[in-house]
Amino acid sequence: GLFHLSIVVLCPPLTSDSISTVLAAATITMKLTSTVCFPRQEIMKWNGWGYSDSKFLFNKKGQAEFTGKRYRLSGMVLPSLQDWFENTFGASVNHKSPPALNASAVPPASLNEAFVEDLKATGIPFSHEAEDRVFRAHGHCLHEIFALREGKKFERVPDMVVWPNCHSDVVKIVELACKHNVCLIPYGGGTSVTSALECPPEETRCIVSLDTSQMNRILWIDEKNLVAHVEAGIIGQDLERLLNESGYCTGHEPDSMEFSSLGGWVATRASGMKKNVYGNIEDLVIHIKVVTPRGVIEKSCQGPRMSTGPDIHHFILGSEGTLGVVTEVTMKIRPIPEYQKYGSVVFPNFEAGVACLREVAKQRCAPASIRLMDNEQFQFGHALKPQVSSIFTNFVEGLKKFYITKFKGFDPHQLVVATLLFEGDRERVLQHEKQVYDIAATFGGLAAGEDNGQRGYILTFVIAYLRDLGMDYYVVAESFETSVPWDRVLDLCRNVKERINRECKERGVQFQPLTSCRVTQTYDAGACVYFYFAFNYRGLADPVHTYERVEHAAREEILANGGSLSHHHGVGKLRKEWMKESISSLGVGMLQSVKDYVDPDNIFGNRNLL
Amino acid sequence: KACTPNYSPGRGWPTSQTQDGFEDILEERRNSSDLKYALRCYAPVLYKGVTPCKANMLKNIVLQSDQLRYVINQVSQESGEAPDIIQEEASVILEEMAHRLQISTVRFFAFALSKAFKTLFQHVCVNEEGIQRLQQAIQEHPVVLLPSHRSYMDFLLMSYILYTYDLALPVIAAGMDFMGMKFVGEMLRMSGAFFIRRSFGGDKLYWAVFSEYVKTMLRNGFAPIEFFLEGTRSRTCKSLTPKLGLLNIVIEPFFKGEVFDVNLVPISISYERILEESLYARELLGVPKPKESTSGLLKARRILSEDYGSIHVYFGQPVSVRSLAQGKVNRSTYNLFPRHIPRKPMEETQSFVNDTAYRIVRLQEDNMVLKPWVLMASLLLQNLEGMELSVLTEQTVWLRGLALSYAAFLDWPDHAPTAKVVSSSLALHRGLACVSGGRVSLVVGEPLGPVTPEEALFNRAVSVLSCASYRNQVLHVFLRPAMLAVAMHTAASSKKNEVYNCFSFLWDMFSNDFILCPGDTVQDFEEACYLLVKTGAVQMPQQDIVMTDIGQPTLSFFNGLLEPFLQGYQVVCRYLCEEASEGLTEKQYIPAVRSFAHSVLCVFTGNLRCYEVLSSDMQKNALAALLRGKLPTQKALLARL
């Protein structure tokens, strides 16, 4: 109810300008079966994560529920969540901090009239409605969502939004932007967590948000070479669904795949959950087409590997919208796997779990996905177990718990769980499964069933919804990630958690924070580690500032412990200050000279990265 | 009853801190059963990240560590020996080194030491707040205990105190000398001592075993690690220039991210009377140190019949290495090199460790409890011909005021008349000073039979050096203003920059004799000015530094305080200019300079009374100052002195 209300409040009466937008939207949505439609705020929250119909709430009985119909957890009652929530954070379901609705406080649009005139002539739809602009003024960093909820005014938002429909539309827009000296900020799925979508407050030119969502077609599929040519605005789940219809998949499944776009993956060097089978985005792309102020960059052929100097794709991958707009991508596809199987292993402690993952990586037998959750996350996962209707299931659960904690002597406050996902033909999956479980056994791991494994992966998709629930009750939360050599994984995890705890204490956080981590990817030479960090902010004057200082300290700790600045989230504006330290000032100079050549007038002026 | 010292809080300098009150732990021992105490339940709190492991499991962890395996392979390649043989060598080294801490031995010591301490000492006072801070620190982080080192007693005393307060017992780095004492060596091993060879310069394997052994205990939180930054017992009671080897080892796991933090705890152990008092003086004069032996120890029983006053043990504020290193050491420079391969610390790290070591020793100094006797000794040494008791008393009171205004941690008995304080100090130290006919003078040992002039000189020197070891305890309080006083005295004018140049010269010259933190010259100069101005001895109009009308006593006391050092350095210089031949080796230097000093002293007994130049400690420090090369040539030095 609350969110529907907000949309009603936000939608001003139709004016002549917005009619064109809506009409355009109507035609497009009829033509395509896109999951994310044109004015996205109709189905998505404007001040939180995901779909408007899906959210956690505590019902009148005080029990947690997940609304909607979209997820496996949807419509279920989660009886243990309240206890976990109150015990972990010292929060109470009676202390509510609901969002204040004040999105009308949007700075007025400063339009470049000449640009608008020329743009009108092209027939490309655009809008300068407040809600369109605000929706594209942010990603999903804590400070951004918090500001939206509190009704705080953004210092700078895009002055208008354009919706190109294809590559040549983008070429036109970029040409016009150069001609009229307008700042362009490409916008894909809007799931950035690095302040990459934030408009630089010092930008005085008109800022145009270039929304790629209408460029969402698969242009062709080449079954001989197993590649597909796709427009870069397509959203992950649509791409997967459309390919599935032809019997294929990309296998690229970042946690944000419901909302993030192909172009966004390229621009941030995204990583997918199943990279062990399919590779990360840089392994998947064969060809990229990018529109820059200097013109279009692309290669002349689709050779699978080339020795033609440094790979120009690597200037594009991770460029974070500073060089141009990715419009079309040719990427590898694979036949849909015959068989999929989840699995899980319980280890007595985190050390044993990490040792097992290291061994699996060493033997190069990692399943499509293997993740190790620490004890905090294991308990969190348990809190999300839906109500069990049958007494028998209850009994079996109890028996399992008894076996692991009493018979095997695992300490419930130490044990950790690894979740697994196997893919391939049935026979090989079973063989592979045995190999991995055998390795796990040598590190004291016990197989803990498919169900636990699957639940681990569901958590991935609902965790962002949970942050919104937390914010309803004075809890702020965020995640961050890094990659680190194997021998430093344990030290890094311990030191970063300790640093967070210590910083929170020093900064006056009244309650013990939740710090939790999981190893989400394995590589030959190291791993990707993902941290969750949340605390109850009651009693703090400026929780976002406190949060930011703590995250800053945590990142310093990561770097001091041999971790990287980012594994897949990117740098944006949030982590710019460490770029020199990370890649040397000479390295920054190299990137800068590419930027200066490709975009001398800083048309792509989001100021990310450098 | 707690003995609470007088102190004046903070003097506005970073090293100073508010000091706590003390509790006498012997009091309870005098009123309840020692046996019960030795057998009581002992359940200390442990480090929260402890990996439980037995002492012998430790050895396996060390022998199988990547660090050690790497060095074993390296040594094997260099020497051509099979890795198995090197591994065996490593295992032998570890066997010789490792402690076998067990609670039963500690209980035995708890019992025996209770008996001994009650006989030897009036009080053993410990600051309880310090104990509470330590207990907290032990839970949070690996802890390194860094006591001052004045006596063999130190480490037994430390373990005794920790046992008394139910704190985790430390493992202690001890010199191999103790291993000479068959039975006792093993007893010490079982009470937590591990033994290190005095020198193992280039022995890679030894270094690897040793450092990995210490780091393993630190990382696993096995026990607090205790060692003496000064490396050896200070024979002069001045703090010694810190040694960096072990400190480097315990700090490295922090830089490498293997532990979140390491806490360093400076501990100051002050003895009212040192058991080894006259032994030290003889040793400094060239009588060889008696070898540690069990029979020697048994002979030493006679010391049990004497009164050694009180001991004060002050547990300082734990110092977080993480906070210290903030902004000074970039830990990410460790990212590009495998952590198990031994590497020489980077320059940045080395200077950090060096600076840390000095600061810790200064913290030890600051928290040393001073007795009235150290003030009296300072005065007596400036009046070797003896003083009227009344003058001594009067000047001691004056000096007490000065010391307190410089934040000395003085334990002056409450509500006792000064005359009583002076007389009871003299009574306790009757072996050093005596009163006859209302005059106080140093006691010179009178050997039976005829005395040669050399023997007379030797005896005189023993009593001066013994007395100096008490004066030395107060030097850290007065050092900076005293150097300023000397600088004012020697500078050609009262211009501030000229005085500073002289000060800086003295600072460089004395940096082996005293604890002067590297790079602190300016800060020390300002501190000295601040203190002298504060006590009204000096005023600083514009760019000048001049003595005030009432400054004379203070400045002349300070000049007198440093005079033995200045004269001593002068004699060494004269020797090097007049006598030393080309090709003098360091081994020949000490006896040669000693006999030169002897001859000088025998000729000029009248006006040159720098007996302290006979001390090998001063001879070495003077030579080191000259060798450091920072100083002008010897002739120029002589001219300036």
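Since the structure is predicted, the reported quantities are computational estimates derived from the model, not experimental observations. In what follows, every chain begins at residue 1, and chains take the letters A, B, ... in the order their sequences are listed.
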By number, which residues in residues 551-559 of chain A have some heavy atom less than 4.5 Å away from chain B? A:Glu557, A:Leu559
Pairing of A:Arg502 and B:Asp261 as salt bridge, 4.0 angstrom limit: yes
Point-to-point distance, once rounded to the nearest 0.5 Å, from CG of A:Asn561 to CZ of B:Phe260: 9.0 Å
So that I can tick it off, tell me whether B:Glu258 and A:Arg494 are bridged by a salt bridge, with the cut-off set at under 4.0 angstrom between side-chain N and carboxylate O. no
From CA spacing to verdict: salt bridge (charged side-chain N to carboxylate O under 4.0 Å, His left out), A:Glu498, B:Lys48: CA-CA 12 Å; A:Glu498 174 101 33; B:Lys48 66 178 178 196; 3.1 Å; yes
Tell me whether the count of non-hydrogen atoms from other residues, nucleotides or ligands lying under 6.0 Å of CE in B:Met346 goes above 12. yes
Heavy atoms from other residues, nucleotides or ligands near CD of B:Glu347 exceed 12 (cutoff 6.0 Å): no
Answer yes or no: is there an ion pair linking B:Lys256 with A:Asp487, defined by an N-O contact shorter than 4.0 Å? no
